[in-house]
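We count residues from 1, following the sequence as given.
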Amino acid sequence: MVFQIRTYSVLIVSAAEKFNQSIRTLLPVNDFYPVEIVGNVQEARRKLLEKEYDLVIINTPLPDEFGTKFAIDVCADHNAGVLLLVKSEVYESVNDKVMEHGVAVVAKPAPAQMVAQSI
């Protein structure tokens with residue numbers, strides 16, 4: 001059996017520069033390329049019209065909406081995995097709302113290893 005090397009395209013939707021820098025370290029270019037970062041849902045929707053991504057990572061809250069509706073829309077309308085990061089205080093209610101749509105949710109703050117395993 002011949003193994004093929006596959007890279008996964010990633011769209012990160014996050015307004016937090018510190019988060020953006022730290023998540024990049026979890027996405028080695030050998031496995032994840034291209035990795036594009038946008039700061040709000042409106043920009044993310046435009047990117048998804050231009051290109052399909054394998055993975056969409058959403059760091060909530062976002063400036064133009066919280067991010068749950070966008071996460072559900074991505075699961076419904078695109079062939080991408082969705083990882084939604086939310087504050088631990090709202091984890092349970094958000095997870096209950098989006099889980100049935102196929103969105104994976106991680107409570108923040110989360111250890112880097114947990115986020116990497118979720119990816």
Evaluate whether atom CG of N79 has more than 12 neighbouring non-hydrogen atoms of other residues, nucleotides or ligands under 6.0 angstrom away. no
List in chain and number order the residues that pass side chain to side chain contact (heavy atoms under 4.5 Å, CB included) with A15, two or more places apart in sequence or in another chain; answer none if no residue qualifies. P63
Return yes if some donor-acceptor pair links the side-chain N/O of N40 with the main-chain N/O of D64 below 3.5 Å, else return no. no
In terms of heavy-atom contacts, G39 and L62 come closest through O-CD2, 4.2 Å
Mind jotting down which residue pairs meet the salt bridge (charged side-chain N to carboxylate O under 4.0 Å, His left out) criterion with at least one end in residues 15-24? Sequence neighbours excluded, please. none
Of all residues at least two apart in sequence or in a different chain, which pass the side-chain hydrogen bond (donor to acceptor under 3.5 Å, both in side chains) check with R45? D73
Return each pair, listed once, that meets salt bridge (charged side-chain N to carboxylate O under 4.0 Å, His left out) where at least one residue sits in residues 85-106; pairs must be two or more places apart or across chains. none
Work out which heavy atom in C75 is nearest to a heavy atom in V103; give both atom names and the distance. SG-CG2, 3.6 Å
Quick one, V105 with V98, criterion side-chain contact (heavy atoms from CB on, under 4.5 Å). Give me CA distance, side-chain angles, the key distance, then yes/no. CA-CA 8 Å; V105 183; V98 301; 3.4 Å; yes
Listed by chain and number, what are the side-chain hydrogen bond (donor to acceptor under 3.5 Å, both in side chains) partners of T60, not counting sequence neighbours? none
Side-chain touch V56/F70, heavy atoms, less than 4.5 angstrom: yes
Worked verdict on H78 versus Y53 for side-chain contact (heavy atoms from CB on, under 4.5 Å): CA-CA 8 Å; H78 300 277; Y53 293 88; over 6 Å; no
Residues 105-117 vs salt bridge (charged side-chain N to carboxylate O under 4.0 Å, His left out), sequence neighbours excluded, gives none
Going by chain and number, the hydrophobic cluster around V29 (ILVMFWY, side chain to side chain under 4.5 Å) further includes Y33
Joining Ile, Leu, Val, Met, Phe, Trp and Tyr whenever any side-chain heavy atoms lie under 4.5 Å apart, the cluster holding L27 also takes in Y8, V10, I12, F19, I23, L26, F32, V35, I37, L55, I57, L83, L85, V106, M114, V115, I119
In Å, rounded to the nearest 0.5 Å, how long is the span from CE of M99 to CD1 of I72? 12.0 Å
Closest heavy-atom contact between G67 and L84? O-CD1, 4.0 Å
Heavy atoms only: give me the nearest N30-T7 pair and the separation to one decimal. O-CG2, 3.1 Å
What is the distance from atom CG of L11 to atom CD1 of I58, rounded to the nearest 0.5 Å? 8.5 Å
Sequence neighbours excluded - salt bridge (charged side-chain N to carboxylate O under 4.0 Å, His left out) pairs with any residue from residues 46-61: R6-D54, E36-K47
